[in-house]
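Note: hydrogens, waters and symmetry copies are ignored here, and every other heavy atom, side chains too, is used. Letters A, B, ... mirror the listed sequences (proteins, then strands); counts begin at 1.
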Protein chains: 2
Amino acid sequence: MRIGQLAQLVGVETQTIRFYEQQGLLPPPDRQDNGYRVYTERHVEGLAFIRRCRILGLSLAEIHELQSYQDDPHQPCTAVNALLDDHISHVRSQITALQALEKQLVSLRASCNDDREVEACGVLAGISEGNMHQQ
Amino acid sequence: MRIGQLAQLVGVETQTIRFYEQQGLLPPPDRQDNGYRVYTERHVEGLAFIRRCRILGLSLAEIHELQSYQDDPHQPCTAVNALLDDHISHVRSQITALQALEKQLVSLRASCNDDREVEACGVLAGISEGNMHQQ
DNA sequence: ATTGACCTTATAGTAGCTTTATAGTTTAAA
DNA sequence: TTTAAACTATAAAGCTACTATAAGGTCAAT
Ligand SMILES: [Zn+2]
Ligand SMILES: [Zn+2]
Ligand SMILES: [Zn+2]
Ligand SMILES: [Zn+2]
């Protein structure tokens with residue numbers, strides 16, 4: 001199968017596939033005489049794996065790490081589990097930070113109703129005053 | 001005041017100040033004969049405003065928009081409030097997405113205890129199987 | 001005279017693609 | 001058969017918000 005078919009099958013753009021190949025996440029496929037890439041079922045699986053990892057928010061580096069574990073299937077899987085644990089705590093701290101941010105934004109927004117002039121806008125005043133606690 | 005003093009006062013790096021100037025967020029200051037930038041109190045306020053906006057998660061484009069409102073102080077402030085509302089809903093949708101993600105990751109993690117081989121790792125199997133719903 | 005701290009510009013790197021430019025190949029319609 | 005659409009290729013730039021590096025000019029003190 002050629003790159004366009006693979007792209008459609010997995011639901012990515014062709015450039016993304018070339019990009020993953022360039023980044024070492026997808027093995028370089030064979031080429032036809034005209035230089036066109038030829039993909040196999042293993043590439044479909046590999047690409048789908050990458051995409052599902054991306055949907056889970058894993059970075060390309062983390063995906064690369066997972067792949068290296070897959071290449072050595074008789075190791076204990078503690079490292080895989082640890083990678084996921086790290087990622088989960090990463091996601092959790094993002095959530096916490098965003099929730100604090102939301103609170104701050106909502107209280108800022110509450111300091112203005114509409115029907116004012118910019119000059120007297122509670123939002124702009126709130127930002128300009130700067131009695132904010134970081135983070 | 002020169003760029004280093006401004007940087008220290010507001011708590012950013014000098015390159016960041018030049019970057020904001022280049023991006024049109026901070027007005028170009030006067031120069032000494034030797035080419036050194038000379039800043040005034042207005043630059044201090046302007047830079048502090050930018051930084052507080054950044055802490056609130058506003059993009060440079062959004063900050064630029066806010067500045068354009070400030071330049072026209074007798075307009076009604078509805079646009080300012082609307083910008084903040086948009087930003088809040090943006091933040092909220094990020095939170096929602098991350099919470100869904102966390103749930104997915106936690107359930108994936110629960111499908112493996114340690115003490116398995118990579119071959120049998122519940123996490124890797126869970127990703128490879130691909131019975132995930134997007135987003 | 002030379003060290004060190006400061007300033008200048010220009011350029012590249014970060015993440016994960018997307019977009020653009022330019023060009024060659026295949027396939028189908030006219 | 002010609003030609004146009006659709007596909008492929010590579011290389012390079014663009015996106016965000018900086019950060020880092022390089023190579024050099026300026027200034028005060030030693
Ligand atoms: Zn992660
Ligand atoms: Zn307002
Ligand atoms: Zn926003
Ligand atoms: Zn496991």
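Remark: Asn34(A) is in phosphate contact with dT26(C), judged by side-chain N or O atoms under 4.0 Å from OP1 or OP2. Distances shorter than 4.0 Å separate none of the side-chain N or O atoms of Tyr20(B) from OP1 or OP2 on dA17(D). One finds a side-chain N or O of Thr16(B) lying less than 4.0 angstrom from the OP1 or OP2 phosphate oxygen of dT19(D). Look at Arg51(A) and you'll find a side-chain N or O under 4.0 angstrom from OP1 or OP2 of dC17(C).
Two residues are said to be in side-chain contact when any heavy atoms from C-beta on lie closer than 4.5 Å; Leu105(A) and His87(B) meet this criterion.
Gln32(A) places its CD atom 9 Å from the P atom of dA9(D), with the value rounded to the nearest Å. Protein atom CG of Leu25(B) is 12 Å distant from nucleotide atom C1' of dT16(D), rounded to whole Å. In this entry the distance linking CZ of Phe19(B) with C1' of dT9(C) reads 16 Å, nearest Å. Computed from coordinates, the Met1(B) CE to dC6(C) P distance equals 14 Å when rounded to whole Å. When the C1' atom of dT26(C) is taken as reference, atom CZ of Arg31(A) falls 17 Å away, rounded to whole Å. Note: CD (Gln23(B)) to C1' (dA17(D)) measures 8 Å, nearest angstrom. The separation between Ile17(B) atom CD1 and dT19(D) atom P is 12 Å, rounded to whole Å. Here dC15(D) presents its P atom at 18 Å from CD of Glu13(A), a figure rounded to the nearest Å.
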Strictly under 3.5 Å: I want the nitrogen or oxygen pairs between protein and nucleotides 3-8 of chain D, one per line.
residue : atom : partner : partner atom : Å
dT8(D)  : OP1  : Gly4(A) : N            : 2.6

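For Gln15(B), counting side-chain heavy atoms from C-beta on, the closest listed nucleotide (dG16(C), dT19(D), dT18(C)) is dT19(D).
Residue Ile127(B) comes nearest to Leu66(A) through the heavy atom pair CD1-CD1, 4.1 Å, listed as atom of the first residue, atom of the second, then distance. Contact detail for Leu26(A) and Gly46(A): the closest heavy-atom pair is CD1-C, 4.0 Å.
Environment of CG in Asp30(A): sparse, with no more than 12 heavy atoms of neighbouring residues, nucleotides or ligands closer than 6.0 Å. Heavy atoms from other residues, nucleotides or ligands lying under 6.0 Å from CD of Gln32(B) number more than 12. Residue Arg42(B) places its CZ atom among 12 or fewer non-hydrogen atoms of other residues, nucleotides or ligands, all under 6.0 Å distant.
A donor-acceptor contact closer than 3.5 angstrom is absent between the side chains of Tyr20(B) and Arg54(B).
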